[in-house]
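Because the structure is a prediction, the values reported are computed rather than measured.
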Amino acid sequence: MNIMSGMRLTFAEIYIKNFEANVKAIKKFVKPEVKICCSVKADAYGHGAVPCAKAAVKCGADFLAVATVGEGIELREAKIKAPILLLSYCSPSEMADLVKFNITPFVGDEEYIGLVEAAAKKAAKASQAQKAAAKKFAVHLAVDSGMGRVGCLPSDAAALAKRIASSKCLCLGGMCTHFASADGTSARDRSYAKKQRDAFAAAVESVKACGINPGIVHASASAALMDKPEWQFDMVRPGIILYGYYPDKITEKYLRAKKTPLVVKPVMALVTGISALRPFKKGMSVSYGSTWTAAKDTTIGVLPIGYADGLLRRQAGSLKVSVGGKLYPVRGRICMDQCMVDLGSAKGIKRFDRAVVFGPKESGALLTADDLANAAGTISYEILTCIGKRVERVLVK
Ligand SMILES: *Cc1c(COP(=O)(O)O)cnc(C)c1O
């Protein structure tokens, strides 16, 4: 990305110390024997996969998790040696790279296991010369206990585990599941999560009953990790809490009331600046559709940030940015590359001053990604992962 010496007014600051503090807080929170798999999928939820993965490993992460084979290769090419889990299914054409880059897939059916096995076999044949290195390729058997996404039915787990254990090229490295409603606190959410947990635990037992070691058993993402300490099994898979946000109802306040607080801090600040100050007369309007017209004289600041940078068009009307420790409202429609902020008298504000959309307090932000998400009817995950590619990520040491 660094093809120019200058810098846009719009960029994202990554407070990597906050990320490290979050990993350490999670490590302290879970039982000492429980392994940690840090989810760095989607470019570490928009924060930059390589620096976050390196920081996670430095702070004691045992595993990393990605969503695509390309994301895994990016980590390997950055010389990251930690085991990597692939959380989604990939295409057959990507499977040679799974083996080549030692990325551990979730498997959940005969057909997919057969395809992975064929890729592992081919790689083993090619490396026949170094026979000593002929190690079996590990897969994790995913159990669909109620998410309806990846994995086998709990009743099929034992047969598939046998299929893997009897393979010449594959071995069972672990068993896992994913909860659909661990981030809710309603009676329905709770009983659904408990049913999933019980179905998964029974599937693990059914594999053990065949004399097969299930390997590393894991189920909990951020929500269950915090809310259900008794479901941590051998490993947990935190994602959003690494980046300083809580999943839906499992908030810091909720955990405090339960006397099990886990305090995490936001890692990213989305920063822009005032590219122009425009004195506005009453009756002048801004942006496409002229949906906002000044009811009195004011000052409009032009911000070089738009929906191609990750603002959501539907935030028009609710978005505010922090300038010099005060919040000012964005007016009119958000454009692809720019939007306009109403600075009133603009007292004490200069052209090119910093404006912060969201972030940790130390960035000058007065809002978090959660505040933006609530106003736009979405979740912090979407706000963070929508930050565009052209927004440079700048590490704050
Ligand atoms: C994304 C993901 C996680 C992490 O989820 P968070 O809610 O961000 O903690 C864990 N496991 C799986 C299978 C996932 O897809």
Side-chain angles (χ1 to χ4, degrees), residues 10 12 39 41-47 67 146-149 178-190 192-193 221-224 226-227 238-255 264-272 286-292 303 305-322 327-342 355-361 363 365-391:
T10 299
S39 172
K41 61 190 180 187
D43 202 25
Y45 294 46
H47 295 64
M147 176 67 183
R149 198 169 66 178
H178 191 57
F179 296 117
S181 58
D183 57 354
T185 51
S186 72
R188 182 178 174 275
D189 289 336
R190 280 172 188 281
Y192 197 83
S222 298
M226 297 188 289
D227 196 30
I240 195 72
I241 49 176
L242 296 167
Y243 309 98
Y245 290 97
Y246 293 85
D248 203 16
K249 302 283 190 299
I250 312 302
T251 60
E252 187 195 337
K253 194 171 153 214
Y254 166 87
L255 293 165
V264 292
K265 306 175 212 171
V267 176
M268 181 197 289
L270 181 59
V271 181
T272 184
V286 295
S287 197
Y288 293 116
S290 310
T291 57
W292 182 85
L303 305 174
I305 184 170
Y307 56 79
D309 297 297
L311 296 183
L312 305 177
R313 212 167 159 273
R314 65 181 184 274
Q315 283 169 328
S318 67
L319 191 65
K320 292 187 173 74
V321 299
S322 162
L327 281 178
Y328 296 93
V330 167
R331 302 295 195 197
R333 290 196 183 139
I334 292 169
C335 311
M336 184 187 289
D337 317 301
Q338 304 182 79
C339 62
M340 275 62 84
V341 60
D342 189 352
V356 189
V357 183
F358 67 82
K361 283 199 180 72
S363 68
L366 293 170
L367 298 175
T368 65
D370 262 340
D371 295 323
L372 267 68
N374 291 336
T378 182
I379 54 177
S380 59
Y381 298 67
E382 191 182 21
I383 300 289
L384 296 170
T385 56
C386 280
I387 302 304
K389 192 174 151 195
R390 71 183 186 190
V391 177

I'd like to know if the side chain of S39 reaches the main chain of G239, judged simply by a donor and an acceptor atom lying under 3.5 Å from each other, with no hydrogens or angles considered.
no

Can you say whether the rings of Y45 and Y243 are parallel (under 30°), tilted (30 to 60°) or perpendicular (over 60°)?
parallel

Where the side chain of Q315 meets the backbone of L312, is there a donor-acceptor pair that is under 3.5 Å apart?
yes

Check whether N374 reaches the backbone of D371 with its side chain - one donor and one acceptor, N or O, closer than 3.5 Å.
no

Take L255 and I250, measure what side-chain contact (heavy atoms from CB on, under 4.5 Å) needs, and give me the verdict at the end.
CA-CA 7 Å; L255 293 165; I250 312 302; 4.0 Å; yes

If we count only N and O atoms by modelled type, under 3.5 Å, do the side chains of D227 and Y254 hold a donor and an acceptor together?
yes

Taking S380 for the side chain and D370 for the main chain, is one N or O donor matched with an acceptor at less than 3.5 Å?
no

M340 backbone acceptor or donor facing R331 side chain under 3.5 Å
no

Whether S181 side chain and D189 backbone form a donor-acceptor pair below 3.5 Å
yes

Residue R313 excluded, over 12 heavy atoms near CZ under 6.0 Å:
no

CA sep, side-chain torsions, deciding dist, call: L319, L372, side-chain contact (heavy atoms from CB on, under 4.5 Å):
CA-CA 7 Å; L319 191 65; L372 267 68; 3.9 Å; yes

Give a yes or no on whether the backbone of G146 and the side-chain of Y192 come within a donor-acceptor separation of less than 3.5 Å.
yes

